[in-house]
Amino acid sequence: MEARLNYYGNPVAGKFAKYINSAGKVVTDSSLPATTQELVKIRASQINGCSLCLDMHTKDAAHAGETALRLNLLAAWREAKVFTEAERAALELTEQGTRLADAGGVTDEAWANAAKHYDEEQLAALVSLIALINTYNRMNAITQQPAGDYQPGQWG
């Protein structure tokens with residue numbers, strides 16, 4: 001598959017990508033656990049069918065020490081016993097925040113459960129991350145960005 005648009009070769013797309021990458025750095029540098037961040041990115045990307053983000057974030061997670069078992073079971077996180085209660089809360093918020101039109105929004109229960117496990121700064125980072133990965137997923141899916149060539153650490 002060939003990309004429909006070269007982000008960095010296009011002045012508008014390149015500038016936009018630069019700004020959202022800066023927003024991503026704010027989340028990366030937050031106190032939200034790095035493992036949780038990668039799980040959220042991967043789960044939203046699974047839901048959205050973004051092969052570029054799945055390629056990138058599964059490789060980054062594995063490079064950072066995430067196990068193959070947890071990566072393989074992420075799509076079935078509700079049934080799998082390998083995720084912590086905090087991770088489960090983040091994944092539920094991710095799914096509801098990614099499937100807004102399907103589920104009718106984020107439930108008070110999902111929010112309250114996340115708030116039991118994360119402080120206000122971490123919740124802000126989690127919400128921002130969910131919004132950000134959905135933005136990346138949509139940009140990549142719409143423009144058919146190819147996957148497969150990413151190496152951990154390549155883009156930051």
Side-chain angles (χ1 to χ4, degrees), residues 1 3 17 20-156:
M1 169 172 51
I20 65 168
N21 289 341
S22 294
K25 177 116 172 71
V26 172
V27 174
T28 299
D29 293 344
S30 76
S31 63
L32 184 66
T35 300
T36 301
Q37 290 186 40
E38 289 304 327
L39 294 174
V40 165
K41 292 174 195 175
I42 295 165
R43 185 63 192 127
S45 299
Q46 288 173 334
I47 293 166
N48 290 322
C50 181
S51 63
L52 176 65
C53 289
L54 282 169
D55 180 46
M56 177 190 311
H57 297 299
T58 55
K59 286 177 180 175
D60 282 346
H63 184 73
E66 187 58 81
T67 67
L69 176 66
R70 284 170 42 99
L71 291 174
N72 291 337
L73 291 175
L74 187 52
W77 66 268
R78 282 184 178 82
E79 294 80 22
K81 305 298 182 207
V82 297
F83 301 102
T84 68
E85 289 303 313
E87 290 168 340
R88 289 174 179 282
L91 291 167
E92 181 64 35
L93 197 64
T94 300
E95 288 203 7
Q96 289 188 22
T98 298
R99 295 181 167 151
L100 290 171
D102 298 339
V106 174
T107 65
D108 290 339
E109 293 165 320
W111 180 261
N113 193 29
K116 284 192 315 192
H117 299 283
Y118 300 101
D119 64 27
E120 195 164 303
E121 177 187 329
Q122 292 170 324
L123 283 170
L126 182 57
V127 169
S128 298
L129 179 59
I130 293 165
L132 188 65
I133 192 61
N134 275 281
T135 299
Y136 283 121
N137 290 165
R138 282 156 176 76
M139 289 171 48
N140 291 331
I142 291 167
T143 62
Q144 296 183 341
Q145 296 300 310
D149 296 330
Y150 176 78
Q151 297 300 315
Q154 178 178 346
W155 294 325

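Each residue takes its place number in the sequence, starting with 1. For the numbers below, each heavy atom of this structure counts, side chains included, while hydrogens, waters and symmetry mates do not.
Between Thr36 and Tyr118, some side-chain heavy-atom pair lies under the 4.5 Å cut-off. Taking the side chain as every heavy atom from C-beta outward, Val26 and Ser128 never approach each other to under 4.5 Å. The shortest side-chain heavy-atom distance between Val106 and Leu100 falls under the 4.5 Å cut-off. Side-chain contact check for Glu87 versus His117: every heavy-atom pair is 4.5 Å or farther apart. The shortest side-chain heavy-atom distance between Gln122 and Pro33 falls under the 4.5 Å cut-off.
Atoms CG and CZ, from Leu73 and Phe83 in turn, are 6.0 Å apart once rounded to the nearest 0.5 Å. One distance of note links OG of Ser51 with CD of Gln144; it measures 9.5 Å at 0.5 Å rounding. The distance from atom CG of Asp60 to atom NE2 of His63, rounded to the nearest 0.5 Å, is 8.0 Å. Rounding to the nearest 0.5 angstrom, the gap separating the CD1 atom in Ile130 from the CG atom in Leu93 is 4.0 Å. Between the OG1 atom of Thr94 and the CG atom of Leu129 there is a distance of 7.0 Å, given to the nearest 0.5 Å. For the atom pair His57 NE2 and Leu74 CG, the distance stands at 12.5 Å (nearest 0.5 Å).
Checked against salt bridge (charged side-chain N to carboxylate O under 4.0 Å, His left out), Glu85 has the following partners two or more places apart in sequence or in another chain: Arg88.
Gln96 and Thr107 form a side-chain donor-acceptor contact under 3.5 Å, judged by distance and modelled atom types alone.
Residue pairs satisfying the salt bridge (charged side-chain N to carboxylate O under 4.0 Å, His left out) criterion with at least one member in residues 20-37, sequence neighbours excluded, are listed as follows: Lys25-Asp29. Within the structure, every pair that satisfies the side-chain hydrogen bond (donor to acceptor under 3.5 Å, both in side chains) test and touches residues 39-50, not counting sequence neighbours, is listed here: Glu38-Lys41, Arg43-Gln46, Arg43-Glu95, Ser45-Asn137, Asn48-Asn134, Asn48-Asn137.
Counting all heavy atoms, side chain and backbone alike, Asp119 lies closest to Ser31 at OD1-OG, 4.4 Å.
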